[in-house]
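One structure coming up, written as C-alpha cells, with questions to follow.
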Protein chains: 2
Amino acid sequence: MPEQPEATGHRPAPVHTHPDDVALLTALSALADPVRIQLIRELASQPDWTLSCSNFDVPVGRAAKSHHFTVLRGAGLVEQRDQGPKRLNRLRREEFDARFPGLLDLTLRADDLG
Amino acid sequence: MPEQPEATGHRPAPVHTHPDDVALLTALSALADPVRIQLIRELASQPDWTLSCSNFDVPVGRAAKSHHFTVLRGAGLVEQRDQGPKRLNRLRREEFDARFPGLLDLTLRADDLG
DNA sequence: CGGACTGTATGATGGCCATCGAACATTGGG
DNA sequence: CCCAATGTTCGATGGCCATCATACAGTCCG
C-alpha cells in the first residue's frame with residue numbers, strides 16, 4: 001500500500017474488551033475508584049445510548065474523564081459508540097453480570113457508606 | 001498517672017471492623033490486590049483458626065504480610081485471635097457475605113485469568 | 001534467664017495511577 | 001470556511017501504597 005488514503009476522516013473506533021476476557025483483578029481495580037463508581041451509577045440511571053461522556057457530572061476534567069472511560073471499557077463494564085462528535089455509552093449489564101455475578105449489583109446498590 | 005506501669009506484658013488485641021461498618025470502596029480496594037486475594041483463598045482452603053500469619057505462602061516479607069492482614073481486618077474480611085506467640089486467622093464468610101452478597105464467592109472462584 | 005519464634009512499628013524507597021493543562025483531531029453547523 | 005463542541009493524547013506532577021530492612025515487643029521453652 002503506497003500512500004495512506006489521506007485519512008478518510010474516520011475516528012478510530014473505541015477498543016472494547018468483553019467481560020469474559022477480563023481478569024478478576026482487573027474488574028476489582030476498575031471498580032475500586034470513587035469517580036468510576038459514580039460514572040457507572042449515573043450510567044445505570046439512564047437508558048442505554050443516551051449519555052455522552054460530557055454529560056456525566058464528576059469532579060474531574062475532560063482528560064481524566066476520558067481516562068476513566070478507557071479503564072471501564074478495558075474492564076468490560078462499558079460499551080461506547082460514536083455518533084457525530086459524541087461518544088455514547090451503554091452499561092454492559094448482562095454480559096458483565098454473567099462473568100462476575102452480583103458484582104455490578106453491589107456497585108449499583110446505594111446503601112453503602114463510601 | 002506518673003509513670004507507666006512498666007508495661008503489663010499484654011499485647012494489644014487486633015483492631016477489627018465489622019463488615020456492616022465497611023464502605024463498598026474499602027471492600028473493593030482491599031480485594032483489588034493480588035497478594036490479598038491469595039491470602040484470602042489460602043485462608044478459605046483450611047478450617048477456621050488453623051492458620052497463623054506465618055503459614056501463608058505469599059511472595060512478600062513479614063512486614064508487608066502484616067500490613068496486608070491489617071487491611072483485611074479493616075475491610076471486615078478477616079478475624080484474628082492471639083494464641084501464644086501466634087495470631088490465628090478466620091475468614092468472616094457469613095458476615096461479609098451478608099454485607100456484600102456474592103463478592104467473597106467471586107474472589108474465591110478460581111476460574112479467573114488474573 | 002536466654003534464645004528462638006512470631007508479629008508489629010517505623011522510616012525510607014520506588015512505582016503506579018489519578019489528575020491537570022495544553023495541544024490536537026474529528027464532527028457538524030452557521 | 002471558520003468556529004464551537006466533543007474527546008483523545010501527551011508530558012508533567014503529586015500522592016498514595018506496597019515493599020523492604022531494621023528495630024522492637026510479646027510468648028514460650030529449655
Side-chain angles (χ1 to χ4, degrees), chain A residues 4-16 25-26 28-40 43 49-75 78-89 114, chain B residues 4-16 25-40 43 49-75 78-90 114:
Chain A
Q4 293 301 106
E6 210 54 44
T8 73
H10 271 8
R11 180 166 29 164
V15 178
H16 288 100
L25 190 57
T26 303
L28 293 175
S29 301
L31 292 172
D33 180 283
V35 173
R36 288 194 285 266
I37 290 184
Q38 192 175 338
L39 288 175
I40 288 179
L43 188 53
W49 309 122
T50 57
L51 288 180
S52 73
C53 300
S54 65
N55 291 130
F56 293 81
D57 185 27
V58 286
V60 296
R62 283 158 308 181
K65 205 186 289 190
S66 177
H67 163 67
H68 284 305
F69 275 106
T70 301
V71 173
L72 291 176
R73 279 201 318 267
V78 166
E79 186 180 357
Q80 294 186 312
R81 168 211 294 175
D82 286 345
Q83 175 165 315
K86 313 207 170 187
R87 183 157 281 192
L88 303 182
N89 298 276
Chain B
Q4 293 301 106
E6 213 53 44
T8 74
H10 271 6
R11 178 165 33 165
V15 179
H16 287 99
L25 190 57
T26 303
L28 292 175
S29 300
L31 292 172
D33 180 284
V35 173
R36 288 194 285 265
I37 290 184
Q38 191 174 339
L39 288 175
I40 288 179
L43 189 52
W49 308 121
T50 58
L51 288 180
S52 73
C53 300
S54 66
N55 291 130
F56 292 81
D57 184 27
V58 286
V60 296
R62 281 161 316 205
K65 204 187 288 189
S66 176
H67 162 68
H68 284 304
F69 275 106
T70 302
V71 173
L72 291 176
R73 279 200 321 265
V78 165
E79 187 181 357
Q80 293 187 312
R81 169 212 294 174
D82 285 345
Q83 174 166 314
K86 313 208 170 187
R87 183 157 281 191
L88 303 183
N89 298 275
R90 170 194 158 247

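Per chain, numbering begins at 1; letters A, B, ... match sequence-line order. As the structure is a prediction and not an experimental result, all values here were calculated from the model.
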Over how many whole Å does the gap from L88(B) atom CG to dG7(C) atom C1' extend? 12 Å
Send over the distance from L51(B) CG to dT6(C) P, rounded to a whole Å.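 So the two atoms are 13 Å apart, to the nearest Å.
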N/O (side chain, S54(B)) to phosphate O (OP1/OP2, dG7(C)) under 4.0 Å: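 True: S54(B) side-chain N/O within range (under 4.0 Å) of dG7(C) OP1/OP2.
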Look at the side chain of R73(B) and the backbone N and O of V15(B), then say whether any donor-acceptor pair between them is shorter than 3.5 Å.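 Checked: pair present.
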Point-to-point distance, once rounded to the nearest 0.5 Å, from CG of N55(B) to OG1 of T50(B): 8.0 Å
Counting side-chain heavy atoms from CB outward, which of dT8(D), dG7(C), dC28(D) is closest to P85(B)? dC28(D)
State the CZ-CZ distance between R90(B) and R81(B), to the nearest 0.5 angstrom.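 Separation between the atoms: 9.5 Å.
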Can you measure N55(A) atom CG to dA5(D) atom C1' for me and round it to whole angstrom units? 12 Å
Please state how far atom CG in N89(A) lies from atom P in dT6(D), giving the value in whole angstrom units. 14 Å
What N/O pairs connect the protein and nucleotides 17-20 of chain C at under 3.5 Å? Give each pair on its own line.
unit_1: dA18(C); atom_1: OP1; unit_2: R36(A); atom_2: NH2; d: 3.1
unit_1: dA18(C); atom_1: OP2; unit_2: H67(A); atom_2: NE2; d: 2.8
unit_1: dT19(C); atom_1: OP2; unit_2: H68(A); atom_2: NE2; d: 2.2
unit_1: dC20(C); atom_1: OP2; unit_2: G61(A); atom_2: N; d: 2.7

Interatomic distance where NZ belongs to K65(B) and C1' belongs to dA21(D) [whole Å]: 16 Å
For Q38(A) and D57(A), indicate whether the former's side chain and the latter's backbone hold a donor-acceptor pair under 3.5 Å.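 Flag set: sc Q38(A) to bb D57(A) pair under 3.5 Å.
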Distance in angstrom units between K86(B) NZ and dC29(D) P, rounded: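 Distance, rounded to whole Å: 11 Å.
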Closest of dT8(D), dT6(D), dG26(D) to the R11(B) side chain is dG26(D)
Partner of C53(A) by side chain to side chain contact (heavy atoms under 4.5 Å, CB included), out of H68(A), R62(A), Q80(A):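 Passing option: Q80(A).
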Should we say atom CZ of R11(B) is surrounded by more than 12 heavy atoms from elsewhere, each under 6.0 Å from it? yes
If you round to the nearest 0.5 Å, how far is CG of L31(A) from CG of L31(B)?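 Interatomic distance, L31(B) CG to L31(A) CG, rounded to 0.5 Å: 11.0 Å.
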When rounded to whole Å, the CZ to C1' distance for the pair F69(B) and dA18(D) reads 16 Å
For atom CG of D82(A) and atom P of dT8(D), their distance in whole Å: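 Atom CG in D82(A) sits about 8 Å away from atom P in dT8(D).
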Heavy atoms only, 4.0 Å cut-off, all strands: where does T70(A) land among base, sugar-phosphate and nothing?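 Answer is nothing: T70(A) stays at 4.0 Å or more from every strand.
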Counting just side-chain N and O atoms, does S52(B) come under 4.0 Å of either OP1 or OP2 of dG7(C)? yes
Is S66(B) near enough to dT8(C) that one of its side-chain N or O atoms lies under 4.0 angstrom from OP1 or OP2?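 Checking dT8(C) against S66(B), a side-chain N or O does come within under 4.0 Å of OP1 or OP2.
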